[in-house]
Amino acid sequence: VPPSDDVTRDIEVLGYQISVRPGLVDEVGAATARVAPAHKYAIITDENVAAHWLDRVRDSFGSLSDKGDVIARAIPAGESQKTRDQWRDLSDWMVSAGCGRDTTVVALGGGVVGDLAGFVAATYMRGVPVVQVPTTLLAMVDSSIGGKTGVDTSAGKNLVGAFHHPAAVLVDPNVLATLPPRELRAGLAEMIKHGAISDRQLFDDIVGAAFDAGLSNEVFDSTDSGFTALISRCAAVKARIVRSDPKEAGERHALNAGHTVAHALEQVTNFSLLHGEAVSIGLVAESAIGERLSITVRGTSEELRTALSRVGLPVEIPEGMQATDLVRVMRVDKKGRSGAIRMALLAAIGRIARGEQGSWTVLVDEAAIFSALSAI
Ligand SMILES: NC(=O)c1ccc[n+]([C@@H]2O[C@H](COP(=O)([O-])OP(=O)(O)OC[C@H]3O[C@@H](n4cnc5c(N)ncnc54)[C@H](O)[C@@H]3O)[C@@H](O)[C@H]2O)c1
Ligand SMILES: [Zn+2]
(Lines give C-alpha, C1' and ligand atoms only; values in the text may rest on other atoms or scores of the structure.)
(Ligands and ions follow the chains in the order given, each with its own letter.)
Protein backbone atom coordinates (compact mmCIF):
# COMPACT_ATOMS: atom_id res chain seq x y z
CA VAL A 1 0.00 0.00 0.00
CA PRO A 2 1.59 3.28 -1.02
CA PRO A 3 1.69 5.64 1.96
CA SER A 4 -0.82 8.47 1.74
CA ASP A 5 0.29 12.08 1.26
CA ASP A 6 -0.63 12.67 4.85
CA VAL A 7 1.98 10.17 5.98
CA THR A 8 4.80 11.51 3.88
CA ARG A 9 4.13 15.21 4.25
CA ASP A 10 7.01 17.25 5.63
CA ILE A 11 6.70 18.66 9.12
CA GLU A 12 7.80 22.24 9.70
CA VAL A 13 9.85 22.92 12.84
CA LEU A 14 11.71 26.25 13.01
CA GLY A 15 12.85 26.99 9.48
CA TYR A 16 13.65 23.35 8.82
CA GLN A 17 11.66 20.27 8.04
CA ILE A 18 11.23 16.73 9.22
CA SER A 19 10.62 14.29 6.37
CA VAL A 20 9.25 10.87 7.26
CA ARG A 21 9.37 8.47 4.33
CA PRO A 22 10.33 4.84 3.80
CA GLY A 23 13.33 4.67 1.48
CA LEU A 24 14.71 8.06 2.47
CA VAL A 25 17.99 6.48 3.56
CA ASP A 26 18.92 6.26 -0.11
CA GLU A 27 18.21 9.96 -0.62
CA VAL A 28 20.25 11.36 2.26
CA GLY A 29 22.97 12.63 -0.07
CA ALA A 30 20.62 14.46 -2.42
CA ALA A 31 18.53 15.87 0.41
CA THR A 32 21.60 17.04 2.33
CA ALA A 33 23.11 18.67 -0.74
CA ARG A 34 19.81 20.49 -1.23
CA VAL A 35 19.28 21.86 2.31
CA ALA A 36 22.92 22.32 3.33
CA PRO A 37 25.16 22.29 0.25
CA ALA A 38 28.83 22.05 1.24
CA HIS A 39 32.30 21.35 -0.03
CA LYS A 40 32.67 18.39 2.31
CA TYR A 41 30.19 16.11 4.06
CA ALA A 42 31.22 14.46 7.34
CA ILE A 43 29.07 11.49 8.31
CA ILE A 44 29.24 10.63 12.00
CA THR A 45 27.71 7.33 13.09
CA ASP A 46 28.28 4.46 15.51
CA GLU A 47 29.57 0.97 14.79
CA ASN A 48 26.19 -0.78 15.10
CA VAL A 49 24.49 1.60 12.70
CA ALA A 50 27.49 1.64 10.35
CA ALA A 51 27.34 -2.14 9.97
CA HIS A 52 23.83 -1.93 8.53
CA TRP A 53 23.40 1.51 6.96
CA LEU A 54 26.59 3.47 6.40
CA ASP A 55 27.29 2.14 2.89
CA ARG A 56 23.76 2.99 1.76
CA VAL A 57 24.05 6.52 3.12
CA ARG A 58 27.52 7.05 1.67
CA ASP A 59 26.37 5.73 -1.72
CA SER A 60 23.46 8.16 -1.64
CA PHE A 61 25.99 10.97 -2.18
CA GLY A 62 26.77 9.47 -5.59
CA SER A 63 29.71 11.01 -7.42
CA LEU A 64 30.57 13.25 -4.46
CA SER A 65 31.66 10.26 -2.46
CA ASP A 66 33.90 9.09 -5.35
CA LYS A 67 35.73 12.42 -5.24
CA GLY A 68 36.55 11.97 -1.58
CA ASP A 69 34.34 14.83 -0.44
CA VAL A 70 32.30 12.52 1.78
CA ILE A 71 34.11 11.30 4.86
CA ALA A 72 32.71 9.01 7.53
CA ARG A 73 33.61 7.98 11.04
CA ALA A 74 31.96 5.30 13.20
CA ILE A 75 32.47 5.58 16.95
CA PRO A 76 31.78 2.70 19.37
CA ALA A 77 28.08 2.52 20.32
CA GLY A 78 26.64 3.61 23.64
CA GLU A 79 26.02 6.49 26.04
CA SER A 80 29.60 6.12 27.36
CA GLN A 81 30.78 7.73 24.10
CA LYS A 82 28.82 10.95 24.58
CA THR A 83 31.81 12.72 26.06
CA ARG A 84 34.05 15.74 25.60
CA ASP A 85 36.84 13.28 24.66
CA GLN A 86 34.79 11.93 21.77
CA TRP A 87 33.75 15.48 20.80
CA ARG A 88 37.43 16.44 20.67
CA ASP A 89 38.44 13.34 18.66
CA LEU A 90 35.68 13.94 16.11
CA SER A 91 36.55 17.63 15.80
CA ASP A 92 40.24 16.79 15.36
CA TRP A 93 39.33 14.18 12.75
CA MET A 94 37.43 16.83 10.79
CA VAL A 95 40.35 19.24 10.99
CA SER A 96 42.81 16.65 9.77
CA ALA A 97 40.46 15.65 6.94
CA GLY A 98 40.57 19.24 5.73
CA CYS A 99 37.01 20.21 6.63
CA GLY A 100 36.52 23.94 6.45
CA ARG A 101 33.54 26.12 7.30
CA ASP A 102 31.83 24.81 4.18
CA THR A 103 31.24 21.38 5.70
CA THR A 104 27.94 19.75 6.58
CA VAL A 105 27.81 17.12 9.31
CA VAL A 106 25.45 14.18 8.84
CA ALA A 107 24.43 12.57 12.15
CA LEU A 108 23.48 8.97 11.32
CA GLY A 109 22.35 7.13 14.45
CA GLY A 110 20.35 7.22 17.63
CA GLY A 111 20.20 9.96 20.24
CA VAL A 112 23.79 9.44 21.31
CA VAL A 113 25.17 10.09 17.83
CA GLY A 114 22.61 12.86 17.24
CA ASP A 115 23.51 14.76 20.42
CA LEU A 116 27.26 14.26 19.98
CA ALA A 117 27.49 14.96 16.24
CA GLY A 118 25.10 17.87 16.70
CA PHE A 119 27.43 19.34 19.31
CA VAL A 120 30.45 18.79 17.07
CA ALA A 121 28.60 20.69 14.33
CA ALA A 122 27.49 23.42 16.77
CA THR A 123 31.07 24.19 17.71
CA TYR A 124 33.11 23.29 14.63
CA MET A 125 34.55 26.58 13.36
CA ARG A 126 31.82 28.30 15.40
CA GLY A 127 29.11 26.23 13.83
CA VAL A 128 28.45 24.29 10.64
CA PRO A 129 25.14 22.75 9.51
CA VAL A 130 24.03 19.32 10.67
CA VAL A 131 21.49 17.03 9.04
CA GLN A 132 19.95 14.56 11.47
CA VAL A 133 19.29 11.05 10.17
CA PRO A 134 17.80 9.32 13.23
CA THR A 135 17.98 5.53 13.30
CA THR A 136 16.27 4.70 16.61
CA LEU A 137 12.58 5.21 17.26
CA LEU A 138 13.45 7.51 20.18
CA ALA A 139 15.61 9.67 17.95
CA MET A 140 12.94 9.79 15.21
CA VAL A 141 10.20 11.14 17.45
CA ASP A 142 12.22 12.99 20.04
CA SER A 143 15.97 13.62 20.19
CA SER A 144 16.63 14.58 16.55
CA ILE A 145 14.00 17.33 16.70
CA GLY A 146 14.46 20.58 18.57
CA GLY A 147 18.13 21.44 18.41
CA LYS A 148 19.34 20.26 21.79
CA THR A 149 22.89 18.92 21.43
CA GLY A 150 25.59 18.08 23.93
CA VAL A 151 27.69 15.63 25.87
CA ASP A 152 27.78 14.12 29.35
CA THR A 153 30.37 14.73 32.04
CA SER A 154 31.23 12.60 35.07
CA ALA A 155 28.91 14.84 37.10
CA GLY A 156 25.84 14.09 34.98
CA LYS A 157 24.13 13.74 31.61
CA ASN A 158 23.96 16.55 29.04
CA LEU A 159 25.82 19.05 31.22
CA VAL A 160 27.76 20.60 28.35
CA GLY A 161 25.97 21.49 25.15
CA ALA A 162 24.34 23.99 22.86
CA PHE A 163 21.15 24.64 20.96
CA HIS A 164 21.91 23.92 17.32
CA HIS A 165 18.93 23.19 15.11
CA PRO A 166 19.50 20.79 12.22
CA ALA A 167 19.16 21.86 8.58
CA ALA A 168 16.78 18.92 8.15
CA VAL A 169 15.64 15.74 9.86
CA LEU A 170 15.41 12.75 7.53
CA VAL A 171 13.42 9.85 8.96
CA ASP A 172 13.38 6.51 7.16
CA PRO A 173 11.30 4.02 9.18
CA ASN A 174 12.89 1.17 7.18
CA VAL A 175 16.10 1.51 9.20
CA LEU A 176 14.18 0.33 12.27
CA ALA A 177 14.26 -3.18 10.77
CA THR A 178 17.70 -3.69 12.33
CA LEU A 179 17.00 -2.01 15.67
CA PRO A 180 16.93 -4.48 18.60
CA PRO A 181 13.32 -5.00 19.86
CA ARG A 182 14.18 -3.74 23.32
CA GLU A 183 15.33 -0.41 21.82
CA LEU A 184 12.21 -0.28 19.67
CA ARG A 185 10.00 -0.66 22.74
CA ALA A 186 11.94 2.02 24.57
CA GLY A 187 11.15 4.41 21.74
CA LEU A 188 7.53 3.37 21.87
CA ALA A 189 7.40 4.60 25.47
CA GLU A 190 8.25 8.12 24.27
CA MET A 191 5.65 7.86 21.52
CA ILE A 192 3.02 6.86 24.05
CA LYS A 193 4.16 9.81 26.18
CA HIS A 194 3.72 12.17 23.21
CA GLY A 195 0.13 10.94 22.92
CA ALA A 196 -0.45 11.09 26.67
CA ILE A 197 0.59 14.74 26.93
CA SER A 198 -1.23 16.04 23.90
CA ASP A 199 -3.59 13.79 21.98
CA ARG A 200 -5.87 11.08 23.31
CA GLN A 201 -6.53 9.68 19.83
CA LEU A 202 -2.83 9.40 19.10
CA PHE A 203 -2.34 7.57 22.39
CA ASP A 204 -5.06 5.06 21.53
CA ASP A 205 -3.78 4.60 17.98
CA ILE A 206 -0.19 3.92 19.09
CA VAL A 207 -1.16 1.45 21.79
CA GLY A 208 -3.65 -0.27 19.49
CA ALA A 209 -1.25 -0.48 16.55
CA ALA A 210 1.65 -1.72 18.62
CA PHE A 211 -0.48 -4.35 20.25
CA ASP A 212 -2.13 -5.49 17.02
CA ALA A 213 1.28 -5.71 15.41
CA GLY A 214 2.34 -8.10 18.11
CA LEU A 215 5.06 -6.00 19.64
CA SER A 216 4.77 -8.00 22.81
CA ASN A 217 5.82 -11.06 20.79
CA GLU A 218 8.83 -9.34 19.24
CA VAL A 219 7.51 -9.76 15.69
CA PHE A 220 6.55 -6.17 15.22
CA ASP A 221 6.92 -4.85 11.68
CA SER A 222 8.24 -1.34 12.12
CA THR A 223 8.24 -0.79 8.36
CA ASP A 224 4.45 -1.05 8.13
CA SER A 225 2.90 2.06 6.55
CA GLY A 226 0.47 2.49 9.44
CA PHE A 227 3.43 2.71 11.74
CA THR A 228 5.09 5.29 9.49
CA ALA A 229 2.01 7.45 9.98
CA LEU A 230 2.29 7.15 13.75
CA ILE A 231 5.97 8.12 13.70
CA SER A 232 5.02 11.11 11.62
CA ARG A 233 2.24 12.15 14.03
CA CYS A 234 4.60 11.83 17.00
CA ALA A 235 7.33 13.83 15.28
CA ALA A 236 4.66 16.46 14.60
CA VAL A 237 3.80 16.63 18.31
CA LYS A 238 7.42 17.29 19.18
CA ALA A 239 7.74 19.80 16.34
CA ARG A 240 4.68 21.73 17.45
CA ILE A 241 5.94 21.96 21.02
CA VAL A 242 9.42 23.02 19.89
CA ARG A 243 7.87 25.71 17.68
CA SER A 244 5.90 27.08 20.59
CA ASP A 245 8.89 27.01 22.96
CA PRO A 246 12.23 27.04 21.10
CA LYS A 247 14.46 27.52 24.15
CA GLU A 248 12.70 25.30 26.69
CA ALA A 249 11.24 28.09 28.75
CA GLY A 250 7.69 26.75 28.97
CA GLU A 251 5.68 24.20 27.05
CA ARG A 252 8.71 22.05 26.27
CA HIS A 253 8.66 20.99 29.92
CA ALA A 254 5.51 19.02 29.07
CA LEU A 255 7.79 16.60 27.21
CA ASN A 256 9.22 15.70 30.61
CA ALA A 257 6.08 13.87 31.71
CA GLY A 258 7.20 10.71 33.47
CA HIS A 259 10.79 11.95 33.38
CA THR A 260 11.29 13.16 36.97
CA VAL A 261 10.75 9.64 38.25
CA ALA A 262 12.51 8.20 35.16
CA HIS A 263 15.70 10.18 35.73
CA ALA A 264 15.74 9.08 39.37
CA LEU A 265 15.22 5.45 38.34
CA GLU A 266 18.03 5.67 35.79
CA GLN A 267 20.43 7.00 38.40
CA VAL A 268 19.48 4.64 41.19
CA THR A 269 19.73 1.61 38.83
CA ASN A 270 23.00 2.97 37.45
CA PHE A 271 21.45 3.18 33.96
CA SER A 272 20.66 -0.52 33.69
CA LEU A 273 17.17 0.45 32.52
CA LEU A 274 16.92 1.93 29.05
CA HIS A 275 15.68 5.52 29.11
CA GLY A 276 12.34 4.60 27.54
CA GLU A 277 11.86 1.80 30.06
CA ALA A 278 12.42 4.25 32.89
CA VAL A 279 9.96 6.65 31.23
CA SER A 280 7.36 3.88 31.08
CA ILE A 281 7.59 3.28 34.83
CA GLY A 282 7.78 7.04 35.39
CA LEU A 283 4.53 7.69 33.50
CA VAL A 284 2.67 5.18 35.67
CA ALA A 285 4.26 6.47 38.89
CA GLU A 286 3.80 10.17 38.18
CA SER A 287 0.18 9.76 37.26
CA ALA A 288 -0.36 7.87 40.52
CA ILE A 289 1.22 10.86 42.26
CA GLY A 290 -1.00 13.24 40.28
CA GLU A 291 -4.07 11.26 41.25
CA ARG A 292 -3.16 11.57 44.93
CA LEU A 293 -2.86 15.33 44.47
CA SER A 294 -6.23 15.44 42.63
CA ILE A 295 -4.44 16.88 39.60
CA THR A 296 -4.71 13.78 37.43
CA VAL A 297 -8.05 12.16 36.63
CA ARG A 298 -8.62 8.99 38.62
CA GLY A 299 -7.77 5.80 36.75
CA THR A 300 -5.11 7.42 34.54
CA SER A 301 -2.25 5.55 36.16
CA GLU A 302 -4.07 2.24 35.81
CA GLU A 303 -4.85 2.93 32.16
CA LEU A 304 -1.21 3.79 31.45
CA ARG A 305 -0.06 0.68 33.28
CA THR A 306 -2.32 -1.50 31.14
CA ALA A 307 -1.31 0.17 27.88
CA LEU A 308 2.43 0.17 28.54
CA SER A 309 2.58 -3.37 29.88
CA ARG A 310 0.52 -4.61 26.92
CA VAL A 311 3.31 -3.53 24.59
CA GLY A 312 5.93 -5.19 26.76
CA LEU A 313 7.27 -2.21 28.69
CA PRO A 314 8.06 -2.36 32.44
CA VAL A 315 5.58 -0.52 34.69
CA GLU A 316 6.76 -1.31 38.19
CA ILE A 317 9.44 0.12 40.46
CA PRO A 318 12.20 -2.53 40.39
CA GLU A 319 12.12 -4.86 43.35
CA GLY A 320 14.10 -3.81 46.38
CA MET A 321 14.28 -0.17 45.36
CA GLN A 322 13.54 2.30 48.14
CA ALA A 323 11.32 5.33 47.60
CA THR A 324 13.70 7.34 49.77
CA ASP A 325 16.55 6.73 47.32
CA LEU A 326 14.43 7.91 44.42
CA VAL A 327 13.24 11.01 46.25
CA ARG A 328 16.80 11.95 47.22
CA VAL A 329 17.74 12.00 43.53
CA MET A 330 14.59 13.92 42.58
CA ARG A 331 15.50 16.71 44.99
CA VAL A 332 18.57 17.51 42.88
CA ASP A 333 16.86 17.01 39.49
CA LYS A 334 17.46 20.12 37.41
CA LYS A 335 13.75 20.93 37.10
CA GLY A 336 13.53 21.44 40.85
CA ARG A 337 14.59 24.71 42.40
CA SER A 338 16.01 24.76 45.92
CA GLY A 339 15.27 21.10 46.55
CA ALA A 340 11.57 21.37 45.71
CA ILE A 341 10.35 18.62 43.40
CA ARG A 342 8.42 19.60 40.27
CA MET A 343 6.84 17.28 37.72
CA ALA A 344 5.10 17.62 34.37
CA LEU A 345 1.86 15.86 35.38
CA LEU A 346 -1.01 14.74 33.20
CA ALA A 347 -4.47 16.19 33.80
CA ALA A 348 -5.77 13.15 31.91
CA ILE A 349 -4.57 11.02 29.03
CA GLY A 350 -4.18 13.46 26.16
CA ARG A 351 -3.76 16.59 28.28
CA ILE A 352 -1.00 18.02 30.47
CA ALA A 353 -1.84 19.75 33.78
CA ARG A 354 -0.84 23.36 34.34
CA GLY A 355 0.69 24.61 37.59
CA GLU A 356 0.81 28.00 39.30
CA GLN A 357 0.72 30.99 36.92
CA GLY A 358 0.28 28.67 33.98
CA SER A 359 3.59 26.86 34.46
CA TRP A 360 4.02 23.53 32.71
CA THR A 361 5.28 21.75 35.80
CA VAL A 362 3.63 21.32 39.17
CA LEU A 363 5.14 21.51 42.62
CA VAL A 364 4.78 18.08 44.22
CA ASP A 365 5.02 17.41 47.93
CA GLU A 366 7.06 14.46 49.06
CA ALA A 367 4.26 12.83 51.04
CA ALA A 368 2.32 12.26 47.80
CA ILE A 369 5.41 10.76 46.19
CA PHE A 370 6.03 8.36 49.05
CA SER A 371 2.41 7.33 49.19
CA ALA A 372 2.16 6.73 45.43
CA LEU A 373 5.50 4.93 45.08
CA SER A 374 4.71 2.54 47.88
CA ALA A 375 1.34 1.75 46.28
CA ILE A 376 2.48 0.92 42.74
N1 LIG B 1 18.56 16.12 22.22
C2 LIG B 1 17.41 15.78 22.76
O3 LIG B 1 16.44 16.52 22.73
C4 LIG B 1 17.29 14.43 23.37
C5 LIG B 1 16.03 13.94 23.75
C6 LIG B 1 15.94 12.66 24.26
C7 LIG B 1 17.09 11.88 24.42
N8 LIG B 1 18.30 12.38 24.06
C9 LIG B 1 19.52 11.59 24.19
O10 LIG B 1 19.41 10.46 23.34
C11 LIG B 1 20.27 9.44 23.84
C12 LIG B 1 19.57 8.11 23.73
O13 LIG B 1 19.29 7.85 22.38
P14 LIG B 1 18.89 6.40 21.85
O15 LIG B 1 17.88 5.81 22.74
O16 LIG B 1 18.58 6.55 20.41
O17 LIG B 1 20.21 5.54 22.12
P18 LIG B 1 21.49 5.18 21.23
O19 LIG B 1 21.86 6.26 20.32
O20 LIG B 1 22.52 4.70 22.19
O21 LIG B 1 20.98 3.94 20.37
C22 LIG B 1 20.58 2.76 21.02
C23 LIG B 1 21.32 1.53 20.49
O24 LIG B 1 20.77 1.17 19.22
C25 LIG B 1 21.81 1.06 18.25
N26 LIG B 1 21.20 1.44 16.97
C27 LIG B 1 20.74 2.66 16.63
N28 LIG B 1 20.09 2.60 15.46
C29 LIG B 1 20.15 1.32 15.04
C30 LIG B 1 19.65 0.65 13.91
N31 LIG B 1 18.87 1.25 13.00
N32 LIG B 1 19.92 -0.67 13.78
C33 LIG B 1 20.66 -1.32 14.73
N34 LIG B 1 21.12 -0.73 15.84
C35 LIG B 1 20.87 0.58 15.99
C36 LIG B 1 22.90 1.96 18.74
O37 LIG B 1 24.15 1.59 18.24
C38 LIG B 1 22.81 1.74 20.25
O39 LIG B 1 23.48 0.56 20.60
C40 LIG B 1 20.65 9.84 25.24
O41 LIG B 1 21.99 10.25 25.26
C42 LIG B 1 19.74 11.01 25.56
O43 LIG B 1 20.33 11.95 26.43
C44 LIG B 1 18.41 13.62 23.55
ZN1 LIG C 1 12.87 11.03 27.25
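Order of appearance sets the numbers: ligands from 1, and atoms from 1 within every ligand.
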**Asked** Short check: any N/O/S atom of E190 below 2.8 Å from the Zn ion (ligand 2)?
**Response** yes
**Request:** Could you pull out, from G111, P180, A74, the option with a heavy atom nearest to atom 12 (C) of ligand 1?
**Result:** G111
**Request:** Have a look at L116 and tell me which of T83, I44, D46, L90 forms a side-chain contact (heavy atoms from CB on, under 4.5 Å) with it.
**Result:** L90
**Message:** Give me the nearest non-hydrogen protein atom to atom 42 (C) of ligand 1 as residue plus atom name, then the distance to 0.1 Å.
**Reply:** K157 NZ, 3.6 Å
**Request:** Determine, considering heavy atoms only, which of V141, T45, T136, V25 sits nearest to atom 27 (C) of ligand 1.
**Result:** T136
**Asked** Of all the atoms in ligand 1, which lie at a distance below 4.0 Å from a heavy atom belonging to E183?
**Response** 22 (C), 23 (C)
**Prompt:** Do any N/O atoms on V175 end up under 3.5 angstrom from N/O atoms on ligand 1?
**Reply:** yes
**Prompt:** Between H259 and H253, does any side-chain donor sit less than 3.5 Å from a side-chain acceptor?
**Reply:** no
**Request:** Specify the protein heavy atom at minimum distance from atom 33 (C) of ligand 1: its residue, its atom name, and the distance to 0.1 Å.
**Result:** T178 O, 3.0 Å
**Message:** Taking the six-membered ring for Trp, are F119 and H164 closer than 6.0 Å centroid to centroid?
**Reply:** no
**Asked** Between the candidates L138, N48, T149, L179, which shows the shortest non-hydrogen contact distance to atom 24 (O) of ligand 1?
**Response** L179
**Request:** Mark yes or no for whether S60, through its side chain, and G29, through its backbone, hold a donor-acceptor pair below 3.5 Å.
**Result:** yes
**Request:** State, without any angle test, whether E251 and S244 hold a side-chain donor-acceptor pair at a distance under 3.5 Å.
**Result:** yes
**Prompt:** Starting from atom 36 (C) of ligand 1, which protein heavy atom do you reach first, and at what distance in Å?
**Reply:** D46 OD2, 3.3 Å
**Prompt:** E286 side chain to V261 main-chain N or O, any donor-acceptor pair under 3.5 Å?
**Reply:** yes
**Message:** Using a strict threshold of under 4.0 Å (side-chain N to carboxylate O), is an ion pair present between D325 and R328?
**Reply:** yes
**Complete:** Counting heavy atoms under 4.0 Å, the part of K148 that contacts ligand 1 is both
**Asked** Do S19 and D10 get their side chains close enough for a donor-acceptor pair, meaning under 3.5 Å?
**Response** yes
**Request:** With heavy atoms only and a cut-off of under 4.0 Å, state how E47 meets ligand 1: side chain, backbone, both or neither.
**Result:** neither
**Request:** For the pair D152 and K82, find out whether any cationic side-chain nitrogen is under 4.0 Å from an anionic carboxylate oxygen.
**Result:** yes
**Fill in**
shortest atom 9 (C) of ligand 1-to-protein heavy-atom contact is with D115 OD2, 3.4 Å
**Prompt:** For atom 40 (C) of ligand 1, which protein heavy atom lies nearest, and how many Å away is it?
**Reply:** E79 OE1, 3.2 Å
**Prompt:** side-chain contact (heavy atoms from CB on, under 4.5 Å) between T123 and W87: does it pass, once the steps are laid out?
**Reply:** CA-CA 10 Å; T123 50; W87 165 81; 2.9 Å; yes
**Prompt:** Near A77, which atoms of ligand 1 are under 4.0 Å from a heavy atom of that residue?
**Reply:** 37 (O), 39 (O)
**Item:** Per-atom contacts, ligand 1 versus V49 - under 4.0 Å to a heavy atom
**Value:** 26 (N), 27 (C), 28 (N), 29 (C), 35 (C)
**Message:** Please tell me whether E79 and H275 have a donor and an acceptor in their side chains that are separated by less than 3.5 angstrom.
**Reply:** no
**Request:** Report the part of I145 in contact with ligand 1, treating N, CA, C, O as backbone and CB onward as side chain, heavy atoms under 4.0 Å; options are side chain, backbone, both, neither.
**Result:** neither
**Message:** Evaluate V112 for polar contact with ligand 1, using N/O atom pairs at a separation under 3.5 Å.
**Reply:** yes
**Prompt:** Do ligand 1 and K82 have nitrogen or oxygen atoms that lie under 3.5 Å from each other?
**Reply:** yes
**Prompt:** To the nearest 0.1 Å, how far is atom 28 (N) of ligand 1 from its closest protein heavy atom, and which atom is that?
**Reply:** T135 OG1, 2.7 Å
**Fill in**
Of all protein heavy atoms, the one nearest atom 4 (C) of ligand 1 is S143 CB, 3.2 Å
**Asked** Is E366 salt-bridged to R292, cutoff N-O under 4.0 Å?
**Response** no
**Prompt:** Hey, which atoms in ligand 1 end up nearer than 4.0 Å to a heavy atom of N158?
**Reply:** 43 (O)
**Side-chain touch V327/Q322, heavy atoms, less than 4.5 angstrom** = no
**Request:** May I have the angle between H275 NE2 and H259 NE2 with its vertex at the Zn ion (ligand 2), rounded to 10°?
**Result:** 100°
